[in-house]
Amino acid sequence: MPDLPTSMRVVHVPQPGGPEALVLAHWPVPECGADEVLIKVAAAGVNRADVLQRRGHYPSPKGAPPNPGLEVAGTVAAVGGNVSEFKTGDAACALLQGGGYSEYCAVNVAQVLPVPATLSLIEAASLPEAYFTVWSNLFEFGRLQPGERLLVHGGSSGIGISAIQLATALGCTVYTTVGSDEKARFCEQLGAARAINYKSQDFVSEIATLTDNQGVDVVLDMIGGSYLPRNLQVLAPQGRLVMIATQGGAKGEVDVLRIMQYRLVVTGSTLRPRPVEFKRQIKTKLLQQVWPLLASGRIRPIVDKVFALADVAAAHAYMESSAHKGKIVLQL
Ligand SMILES: NC(=O)c1ccc[n+]([C@@H]2O[C@H](COP(=O)([O-])OP(=O)(O)OC[C@H]3O[C@@H](n4cnc5c(N)ncnc54)[C@H](OP(=O)(O)O)[C@@H]3O)[C@@H](O)[C@H]2O)c1
């Protein structure tokens, strides 16, 4: 590998805790395996899962780098012997199992995508985690179809902005919940047919009014237990509830009769531990269905704020304040 340094700056978490638990260190640059691409990282996306990891609740899977960071964009610094899709110098972005808060990342080529020519590396770093998650949960597990109605909780989150834009672009009517009127206006500008402020309005009665009592076909949920009964209430017959997080607890009450009478499907997933082969399949779908929409500007990355790697604690504190609308990105 020509001209590669032997050590690199990383952010890691020696002891779980608050944002101050994120510590800069120097680690060896990873080796590039035969099926891997080594990326010189220009920018790394910050995700809610990184906050959970920092607090000690969401460790990297076995074999993955132990430090946080689920997505990066940068320049290809080396490719493994089995890789023909990328070459040194290409701009690339990647979904990781961990280790994105680092100057270099080695990642299986199945999880690496080109950077659309119209986007900066900072914008590209904000894409992989949200679009892998949104595509697999809405269109694979949730079987969302054009013309259907979707409710996305947390519309201004990294996941929310991606789900609203993509489902709208693919012909769905999207409703969303948010925690402020300002966030509601932001989501409606992104394409949401209506954004419901969950702090001042009941989303069940709002959805009933908005849909003429017909309900929605799919709910993409990141709240979990506390929303479970109401999520089942807003679903139309044969509706699908797809759960991706438990911000409101992991346990809730289920009306089994409702599931039976409405023939509902209740499902969910976690992306990070899924095998490389699954991620390869989602990458193929993203290249076919989503990357052209990004290249044409029909959907766009929304980066709320960029922090230097050394200011990573401030980036986490900002995410925990929930003041952001869209993605937070670290610049290396
Ligand atoms: N399962 C998976 O594979 C997977 C993958 C990626 C992400 N996720 C999950 O998806 C969620 C979003 O991730 P992110 O990185 O995009 O985080 P983020 O930007 O920090 O978003 C968290 C969102 O949750 C919203 N929220 C909190 N309580 C709410 C409530 N009661 N009702 C409606 N919305 C509420 C917040 O909105 P307000 O500030 O307006 O309250 C905020 O927009 C996280 O929970 C994350 O763990 C799961």
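Order of appearance sets the numbers: ligands from 1, and atoms from 1 within every ligand.
- Residue contacts with ligand 1: K199 is placed with no nitrogen or oxygen under 3.5 Å of a nitrogen or oxygen of the ligand (distance criterion only).
- Polar contact with ligand 1: present for I244 (N/O pair, distance under 3.5 Å).
- If you check which protein heavy atom lies closest to atom 6 (C) of ligand 1, you get E129 OE2, 3.1 Å.
- Considering backbone and side-chain N/O atoms, S180 never comes within less than 3.5 Å of an N/O atom of ligand 1.
- Between M319 and ligand 1, a contact under 3.5 Å exists for no N or O pair.
- In terms of protein heavy-atom proximity, atom 40 (O) of ligand 1 is closest to G179 N, 2.7 Å.
- Looking from atom 25 (C) of ligand 1 to the surrounding protein, the closest heavy atom is G154 CA, 4.0 Å.
- Within the 3.5 Å criterion, the main-chain N or O of K183 finds a donor-acceptor partner in the side chain of S180.
- Given atom 32 (N) of ligand 1, the protein heavy atom at minimum distance is Y227 OH, 2.7 Å.
- Ranking protein heavy atoms by distance to atom 3 (O) of ligand 1, first place goes to L271 N, 2.8 Å.
- Atom CD of E277 has more than 12 heavy atoms from other residues, nucleotides or ligands within 6.0 Å.
- Closest to atom 38 (P) of ligand 1 among all protein heavy atoms lies K183 NZ, 3.4 Å.
- Interatomic distance, I302 CD1 to K327 NZ, rounded to the nearest 0.5 Å: 11.5 Å.
- Residue A245 has no nitrogen or oxygen atom sitting less than 3.5 Å from a nitrogen or oxygen atom of ligand 1, judged on distance alone.
- Under the 4.0 angstrom criterion for non-hydrogen atoms, G160 is not in contact with ligand 1.
- Only side-chain heavy atoms of I223 come within less than 4.0 Å of ligand 1; its backbone N, CA, C and O stay farther off.
- The shortest N or O to N or O distance between M222 and ligand 1 is not below 3.5 Å.
- Proximity of T133 to ligand 1, defined as any heavy-atom pair under 4.0 Å, is confined to the side chain (atoms from C-beta onward).
- At under 3.5 Å, a nitrogen or oxygen of Q247, whether backbone or side chain, sits near a nitrogen or oxygen of ligand 1.
- For ligand 1, none of its N or O atoms has an N or O atom of R272 under 3.5 Å away.
- Of the protein's heavy atoms, Y198 OH, 2.4 Å lies nearest to atom 41 (O) of ligand 1.
- For R194, the CZ atom is loosely surrounded, since the number of other residues' heavy atoms within 6.0 Å does not exceed 12.
- Atom 18 (P) of ligand 1 has its closest protein heavy atom at H324 NE2, 3.5 Å.
- When P273, S321, S157 are checked for heavy-atom proximity to atom 42 (C) of ligand 1, S157 turns out nearest.
- Residue G158 has at least one heavy-atom neighbour below 4.0 Å for each of these atoms of ligand 1: 16 (O), 19 (O).
- Taking a 4.0 Å cut-off on heavy atoms, S269 registers as neighbouring ligand 1.
- Any N or O atom pair closer than 3.5 Å counts here, and R48 shares at least one such pair with ligand 1.
- Proximity of F132 to ligand 1 is not established, as no heavy-atom distance is less than 4.0 Å.
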